[in-house]
Amino acid sequence: PPAVARLVLGVRLCAAGARSAVRWAIEAIAVNARSHRLRDHRPRRVRPHHALPAQAGDRIGVVSQFAQQRVGVLAGDDAGDKSIIVFDTPKDVQGTVLLPCYNEQRAIQSVLTEIVSTMREEPYTYEVLVVDDASTDDTADVVARIAEQDPRVRYERLAANSGGCSAPRNRGLALARADWVMFCDSDDEYEMHACANLLRAVEEADADIACGTAERVDVRTGEARRWRPELHDQHRLADRLTDLTDLLYDTISVNKIYRRSLLERHGLQFPEGLLFEDQLFTLQAMASARRIATIPQVVYRWYVDRLSE
């Protein structure tokens, strides 16, 4: 269990030294993730983010006729492999925001509008890559309408529902054009200057990763609390994870920005078919980073339903 893992980790940090503890932590999280393979897809977030179709025949969907006519669709190399809506995104984008979604026709417009609006006045250029986990609703239509007005929005569709965040995120990593990547879930949102603050932090520090503060918001009461505030109480810089071992507890991926070449060089992806996918990916990325920066600003609003948890 996570609580026991943290206790043992603390003991090992004291007894074995930080570097070996980091290696042990990666192994422990991997084992823990393997023991929690996806058995079903009851949502862990506010809205059902992904859900496996009841019948295999429902696994393959098509991008709607509206999206095909208004934006254009390119088929994958294999029939039914994938469909991708291609937009004229600027080639010199500095940051890619990866947004996985599933059956989010009601929410995706407000989420995309929020993300795009945060980028409009910033000194950096971005793209938003929506990766659809084989939605069966009109998500593609909604994204197509937004993309008509803003070429920074791209859309990619998986041929079959994966039931989790990992496969859509990994597809997005393969298609990202920018040097820096960020992750946002379709039921959360960025703070207004999140992208610029994180990108500025890695550029000024010449870091591979920058970590900001996530704010957990209770959807029933509106109460907001900083997640792990002790980890992001000030600007800090570490040449390696072993210099800032408290970051072992910063296990979410969505409050960070990553150098894409770092992920490619080390072959880092989200483990598919497992729960707690953020823990393994984030720790491996931070353990591989040449330099890590932290900033105290809130960059991500993480909406939770405490009663459902």
Side-chain angles (χ1 to χ4, degrees), residues 2 5-6 9 21-38 41 44-45 49-50 95-102 129 131 133 156 158 162-176 178-188 190 194 198 202 207-214 227-228 231-232 238 240-242 244-294 299-300 302:
R6 294 191 184 105
L9 175 60
V22 168
R23 288 197 299 269
W24 174 86
I26 294 176
E27 295 170 1
I29 289 176
V31 171
N32 183 54
R34 284 193 293 271
S35 69
H36 291 83
R37 288 188 177 276
L38 295 177
H41 297 273
R44 291 181 290 130
R45 299 188 181 274
H49 190 65
H50 294 75
T96 296
V97 175
L98 300 179
L99 180 67
C101 65
Y102 174 75
L129 179 52
V131 184
D133 200 14
E156 168 76 357
L158 302 187
S162 70
C165 294
S166 294
R169 286 173 174 173
N170 290 339
R171 177 68 66 86
L173 285 173
L175 296 174
D179 292 334
W180 299 95
V181 295
M182 300 172 62
F183 304 97
C184 183
D185 288 338
S186 58
D187 46 11
D188 297 329
Y190 286 129
L198 288 170
V202 288
D208 289 331
I209 297 174
C211 313
T213 301
W227 186 77
R228 296 287 184 181
L231 302 180
H232 313 99
R240 51 190 178 274
L241 181 58
T242 51
L244 201 57
T245 54
D246 286 349
L247 287 179
L248 287 167
Y249 297 103
D250 189 4
T251 56
I252 58 176
S253 64
V254 290
N255 63 331
K256 301 174 179 65
I257 192 169
Y258 305 82
R259 191 187 298 271
R260 185 163 61 91
S261 62
L262 168 78
L263 305 180
E264 291 179 344
R265 183 165 63 252
H266 294 279
L268 300 182
Q269 292 189 324
F270 289 88
E272 298 185 18
L274 305 177
L275 294 174
F276 312 116
E277 69 282 344
D278 276 26
Q279 294 184 16
L280 186 58
F281 173 85
T282 300
L283 186 52
Q284 287 180 322
M286 291 195 295
S288 302
R290 174 180 50 85
R291 184 171 295 164
I292 305 169
T294 68
V299 298
Y300 195 79
W302 178 8

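Everything numeric here is computed off the predicted structure, so don't read it as measured data. Index from 1, following the sequence.
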Student: Would you confirm whether Asp208, through its side chain, and Arg290, through its main-chain N or O, come within 3.5 Å as a donor-acceptor pair?
Tutor: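 Yes.
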Student: Let me confirm one number: the CD1-SG distance from Ile292 to Cys211, rounded to the nearest 0.5 Å.
Tutor: 6.5 Å
Student: As an exercise, state the distance from CG of Asp133 to OG of Ser162, rounded to the nearest 0.5 Å.
Tutor: 3.5 Å
Student: With rounding to the nearest 0.5 Å, note down the distance linking CE in Met286 to OG1 in Thr245.
Tutor: 10.5 Å
Student: Does the side chain of Phe183 come within less than 4.5 Å of Leu173's, by heavy atoms?
Tutor: yes
Student: Give me the atom names and distance for the closest heavy-atom approach of Ala214 to Ile252.
Tutor: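 Distance-wise, the nearest heavy atoms are CB-CD1, 3.7 Å.
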Student: Quick check for you: to the nearest 0.5 Å, what is the distance between Asn255 atom CG and Leu198 atom CG?
Tutor: 8.0 Å
Student: Salt bridge or not between Asp185 and Arg169? Use side-chain N to carboxylate O under 4.0 Å.
Tutor: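 Between Arg169 and Asp185 there is a salt bridge, with a charged N closer than 4.0 Å to a carboxylate O.
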Student: Just do the side-chain contact (heavy atoms from CB on, under 4.5 Å) check on Val131 and Leu175 with the steps written out, would you?
Tutor: CA-CA 10 Å; Val131 184; Leu175 296 174; 6.0 Å; no
Student: With sequence neighbours left out, what residues match Ala285 under side chain to side chain contact (heavy atoms under 4.5 Å, CB included)?
Tutor: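 For Ala285, the residues satisfying side chain to side chain contact (heavy atoms under 4.5 Å, CB included) (neighbours in sequence not counted) are Ile209, Tyr258, Leu263, Leu268.
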Student: With a 3.5 Å distance limit and no angle check, can you tell me whether Arg260 reaches the backbone of Ala178 through a side-chain donor-acceptor pair?
Tutor: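 A pair under 3.5 Å: yes.
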Student: Check Val254 against Tyr190 and note the closest heavy-atom contact, atom names and distance.
Tutor: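 Where Val254 meets Tyr190 most closely, the heavy atoms are O-CE2, 4.1 Å.
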Student: In terms of the angle between their ring planes, are Phe281 and Phe270 parallel, tilted or perpendicular, with boundaries placed at 30° and 60°?
Tutor: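 The rings of Phe281 and Phe270 lie parallel, inter-plane angle below 30°.
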Student: State which residues pass salt bridge (charged side-chain N to carboxylate O under 4.0 Å, His left out) with Asp250; sequence neighbours excluded, sorted by chain then number.
Tutor: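 Counting only residues at least two positions away or on another chain, Asp250 forms a salt bridge (charged side-chain N to carboxylate O under 4.0 Å, His left out) with Lys256.
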Student: What heavy-atom pair brings Pro168 and Gly164 nearest, and what distance separates the two atoms?
Tutor: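 Residues Pro168 and Gly164, closest heavy atoms: CD-O, 3.3 Å.
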Student: Can you confirm whether His266 sits close enough to Gln284 that some side-chain heavy atom of one is under 4.5 Å from a side-chain heavy atom of the other?
Tutor: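 Counting from C-beta outward, His266 and Gln284 never come under 4.5 Å.
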Student: Given side chain to side chain donor-acceptor pair (under 3.5 Å), test Arg240 with Thr242 step by step and report yes or no.
Tutor: CA-CA 5 Å; Arg240 51 190 178 274; Thr242 51; 3.2 Å; yes
Student: Are Asp278 and Ser253 linked by a side-chain donor-acceptor pair shorter than 3.5 Å?
Tutor: yes
Student: Search all heavy atoms of Leu280 against all heavy atoms of Pro271 and return the closest pair with its distance.
Tutor: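 Scanning both residues, the minimum pair turns out to be CD2-CG, 4.0 Å.
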Student: Could you report the tightest heavy-atom contact between Ser186 and Pro100, atom names first, then the distance?
Tutor: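 Heavy atoms only, the tightest pair is CB-O, 3.6 Å.
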Student: Check salt bridge (charged side-chain N to carboxylate O under 4.0 Å, His left out) between Arg265 and all other residues, then give those that pass, not counting sequence neighbours.
Tutor: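 Scan of Arg265 (salt bridge (charged side-chain N to carboxylate O under 4.0 Å, His left out), adjacent residues dropped) gives none.
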Student: Kindly give the heavy-atom pair with the smallest separation between Arg259 and Ala207, and that separation in Å.
Tutor: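 Here Arg259 and Ala207 meet closest at NH2-O, 2.9 Å.
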Student: With the side chain counted from C-beta on, respond yes when Leu241 and Leu283 share a heavy-atom pair under 4.5 Å apart, and no when they do not.
Tutor: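 Counting from C-beta outward, Leu241 and Leu283 do come under 4.5 Å.
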Student: What's the spacing between Trp227 CH2 and Thr251 OG1 if we round to 0.5 Å?
Tutor: 4.0 Å
Student: Which value, rounded to the nearest 0.5 Å, describes the distance between Asp187 atom CG and Trp302 atom CH2?
Tutor: 11.0 Å
